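To start, the structure under review is shown below, and the notes come after it.
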Amino acid sequence: MNSSPMSSKTSTISALVSAAMAMTRGLFLRRASIRLLVSMFLLCSVELMHIQMANAALSPAEESALENWRQRFNLTKWTVDPCVDSATAAWVTCSTDGQTSTVISIDLKQRNLTGPIPDTTAFTNLSRLVLSENNLTGGLPPSIFNQSTLQLLYLESNQFGGSIPDMSALTSVTELALDSTQISGTIPESISRMTAATHIRLQNNPNLTGAIPDLSALSNLLYLDAGFCALNGSLPDLRNAKDLISVKLAQNDLSGTIPPALFQHEKVKYMELNDNSRLSGNVPDVTGLLEVESFQLKNCNLSGAVPHFTTNVKLKYLGLENNQFTTIPTDFTNLTDLQAMSVQNNSITGVLPDLPPSYIQTDAENQLKWITFSNNRFSGGIPKSWNELKYLEAVNADHNNLSGVIPKEMGNLTNLKHLTLSYNQFSGSIPEELGFLLKLETLSLENNQLNGTVPESLASLPNLQDLALTNNRFTAIPEVLRQKPGLNLTYDNNVQIIDGKSSSSSGLSAGAIAGVVIGAAVAIAAVLAIVLYMTRKRRKSNKDQLSKDDMPKSAHAFTLKEIKAITGNNKTLIGRGGFGPVYYGKLADGKEVAVKVRATDSKQGYSEFLNEVRLLSRLHHRNLVPLVGYCVEAQQQILVYVYMSEGSLYEHLYHSGSGAKRYQSPERQPLSWIKRLDILIDAARGIEYLHKDCNPPLIHRDVKASNILLNDKLEAKVGDLGLSKQIPEADPADGAPPTGVSTAVKGTFGYLDPEYFVRRKLTTKSDVFSFGMVILEIITCKRPQNQDFSGADDFTLAEWVQNAVSEDQLESVVDSTLKGEYNDEGMLMVAHVALKCVLPDSADRPEMGAIVTALNEALLLEGHADIPNPDSETAGSVPFSGQLVPPIILPSPPPSFVSTGQFSHPSWNTDPR
Ligand SMILES: *[C@@H]1O[C@H](CO)[C@@H](O)[C@H](O)[C@H]1NC(C)=O
Ligand SMILES: *[C@@H]1O[C@H](CO)[C@@H](O)[C@H](O)[C@H]1NC(C)=O
Ligand SMILES: *[C@@H]1O[C@H](CO)[C@@H](O)[C@H](O)[C@H]1NC(C)=O
Ligand SMILES: *[C@@H]1O[C@H](CO)[C@@H](O)[C@H](O)[C@H]1NC(C)=O
Ligand SMILES: *[C@@H]1O[C@H](CO)[C@@H](O)[C@H](O)[C@H]1NC(C)=O
Ligand SMILES: *[C@@H]1O[C@H](CO)[C@@H](O)[C@H](O)[C@H]1NC(C)=O
Ligand SMILES: *[C@@H]1O[C@H](CO)[C@@H](O)[C@H](O)[C@H]1NC(C)=O
């Protein structure tokens, strides 16, 4: 209470009020806003108030009744008058007619009260009684229910027993709350006399039985909340309650059918009739429920068709599970606010329905996150429209007759945490694109007819906990999946386990050699490859055999005999790449080389081989690993590179100290920050050369730490151009710049440009993205999309660093082995560059030239200058210094989801008051 409501009054009244306020401040200040009535008196009649302060007194009967209440509940004794003593009698509110005061409100909510309710008969003008949330026992006193002055009666959350008294006198009550007590018996028929009622709350009285009496006279009713009782009989007739907002009758024993009129209420938001197992028949037309947000009919005995929601555009929660529904409309796409839908455990046949695509769900709050179609008889495939549900967190469609392939477009649903498609007839192979679902925790595919190799991309999913694959026709499972820590992987015994066969595993390709890995990102089963090879071998075409004629003239061709001499007959294995072993070798002139041998029985990688030979024999840059020559004899495909004695950046980052030592690569000393900057600058120049100095420009497509190789002077060179692609030249007709190549996605998970994945447009900025990931790695010494960065479960490496930058805590994510030995400003600058490289929109990412410039600046801050590279012009001025990168928007934490198909619905327990 303060003077602000008074400001509209005339100055005279204001003055009077100020005086009154000053006088009573000590008494009133602590009387909170519940003193609404008193404040209204103040506003309406200052003079009256003044008189009351001085003279008005309670009748002796009321005074002694109040004293009785006070003593019963051990409340503080008031000093003068309970009507004005705000310090000690805040629970009492009085009104006055000039000479006498009278108690109009008693509010003892949450006071740890025990025992029965004391007598109220003396309070002849009581309009509000609040005893909520205590431990009151005994029966509900009939005297209270006889109090015709009562308007608000809140008795909920107590231990009352007995039954509800006659309610005939409660004709003025607008709000009655009696939920969560121990009352038993039935709801009195006399409830029909409560014609003023807007709110009736009887929820959670497990002993309240019998039928719901006739409520047709309650035309003012807005909220009828009587769920979680033991009520039986039929649903009430609420036709006359035109403004009804909420009907919550869940968890009773109601039976019969749903009266069509109940679904004609235009203003109802909550229609919750669920868990009435004897409620049967068809669901009436729902088109009248224009405002409905929660529609719950689960766990009943309803049959026929799932209703067609055409007008109900505010619907958020649709729960129809555990009924006898047999059909479903095929289109729910106009439910633009839908968040959760469940129809599991019915007998629905037909195809899965179309659901509202994300792009029409404009409200950030209301997006479709959970859908459950499990345990029905759905047939056909996963609808195309589902590929547009990009906020989906859970898809459960197990135990149906679904067939067809799992669409690779599901890889676009990057919020998915749970995907359950088990016990269906799905065929084909698991799309490799599921490796883009970085939040995925559960993937259940058992009991289908899936075949092929389980994609290795799944091994890079940082949150994957359950991968169920039993009872399918898979031919092979990559070893990396079996090795994945914390993964519960179940699969059939007869499935072959294969080693890492592709460059798509950032953690595998290593070796103290140049460009070890030729490879597609697509993990193809060894078996499948062999089968393919053998089938093709039978109808052998000339194209299958590489000959010297296919090779560029400028590249040196070795004979197999020469290769054997160079490697000392494959004496020293120094690594194993995607398509075979790599051996150490020495040319006749003593020059050290790395010899990469393609597995002879593999057809895979033919084009990559040719591609790399052609490119490398044409390209020359001091930051690209040089090709010495090749050999294509006797079905062997062999590449000879300059030996890079210090291995890859990957090894230096992760095999230093106590790091894992796969493939026996030697232990490395941690690189200093200056050395790291040198390496980044070298590598950036190599990539810049491909982008700028090749005509048309060349996209590397597989930039990653294991493809950045170091010579004995720790100078970095970019290797493995097997996946590189040339951008078509600008169309001479319109002179427009090249827009990018449209191709199948190749590259390495964790480094892949999301725009490239989504739009299939490959540009030089895709390399920039991957390079940004390398910079982040070099700063943090953490692998992209690896779960091991501290406590940041759902984050990508970029989000983790972005957070640290935003919170001015960059040092907390910097590799601890650097021991703080770096210039803070320079480190921040490099982090900014990296974060800019990984921006989602490729147009926002810098060019390689600008990255080189910025890295050089950081190096200068360390007191070093990089020797300018004569082969490469560094472009641009100084775009980065100190300038802030737009923040990456982190997704808000999603509501919890129980994978049994239960949803958590925050609004279901909405308090109607
Ligand atoms: C209290 O109620 C009585 C009737 O029961 C009425 O005459 C009286 O005016 C009321 N008092 C106030 C202060 O409203
Ligand atoms: C009620 O009792 C509990 C413990 O018995 C106590 O923690 C709480 O503060 C009490 N509340 C009030 C309003 O007195
Ligand atoms: C009611 O009493 C029980 C124990 O008798 C106590 O645990 C609980 O906190 C009490 N509740 C309230 C609201 O006072
Ligand atoms: C469910 O409804 C069917 C008719 O649709 C009826 O035959 C069956 O008895 C009902 N079951 C229950 C438990 O009410
Ligand atoms: C989804 O992915 C597919 C390929 O997997 C792609 O062709 C399509 O454009 C993507 N759709 C969207 C909306 O990103
Ligand atoms: C996998 O299943 C698909 C669809 O049934 C079929 O076309 C394909 O030949 C199968 N592949 C293998 C290797 O069995
Ligand atoms: C692993 O998954 C299988 C199949 O989904 C399940 O039955 C089993 O309980 C799971 N084990 C653990 C430890 O979670």
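Residue numbers start at 1 and run along the sequence shown. Remember, it's 1-based here, ligands and their atoms both numbered in the order they're listed. Please read these numbers as outputs of a predicted model, since none were measured by experiment.
Given atom 5 (O) of ligand 7, the protein heavy atom at minimum distance is A468 CB, 4.0 Å.
The side-chain hydrogen bond (donor to acceptor under 3.5 Å, both in side chains) check on T311 picks up nothing, with sequence neighbours excluded. By the ring pair (Phe, Tyr, Trp, His ring centres under 6.0 Å) test, F295 pairs with F263, F309, sequence neighbours left out.
Short contacts between ligand 7 and N488, defined as distances under 4.0 Å to a heavy atom of the residue, involve ligand atoms 1 (C), 2 (O), 3 (C), 8 (C), 10 (C), 11 (N), 12 (C), 14 (O). In summary, the atoms of ligand 6 found under 4.0 Å from a heavy atom of G428, numbered by their order in the structure, are 2 (O), 4 (C).
Considering each of L450, T475, V405, N451, the one bringing a non-hydrogen atom nearest atom 8 (C) of ligand 6 is N451.
At a distance under 4.0 Å, a protein heavy atom can be found next to atom 11 (N) of ligand 7. Within the 4.0 angstrom cut-off, atom 2 (O) of ligand 7 has one or more protein heavy-atom neighbours.
Remark: the S216 side chain and the D237 side chain contain no N/O donor-acceptor pair separated by less than 3.5 Å.
Taken to the nearest 0.5 Å, the OG atom of S180 stands 6.5 Å off from the CD atom of Q203.
Residue Y317 forms a side-chain hydrogen bond (donor to acceptor under 3.5 Å, both in side chains) with just one option from E293, Q296, Q339, and that option is Q339.
For a threshold of 3.5 Å applied to N or O pairs, the pair formed by N301 and ligand 4 contains at least one separation below that value.
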Evaluate ring pair (Phe, Tyr, Trp, His ring centres under 6.0 Å) for Y391 paired with W386, printing each intermediate quantity in order.
-> CA-CA 11 Å; Y391 298 102; W386 288 21; over 10 Å; no
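Residue contacts with ligand 6 do not include G452, since none of its heavy atoms lies under 4.0 Å from the ligand.
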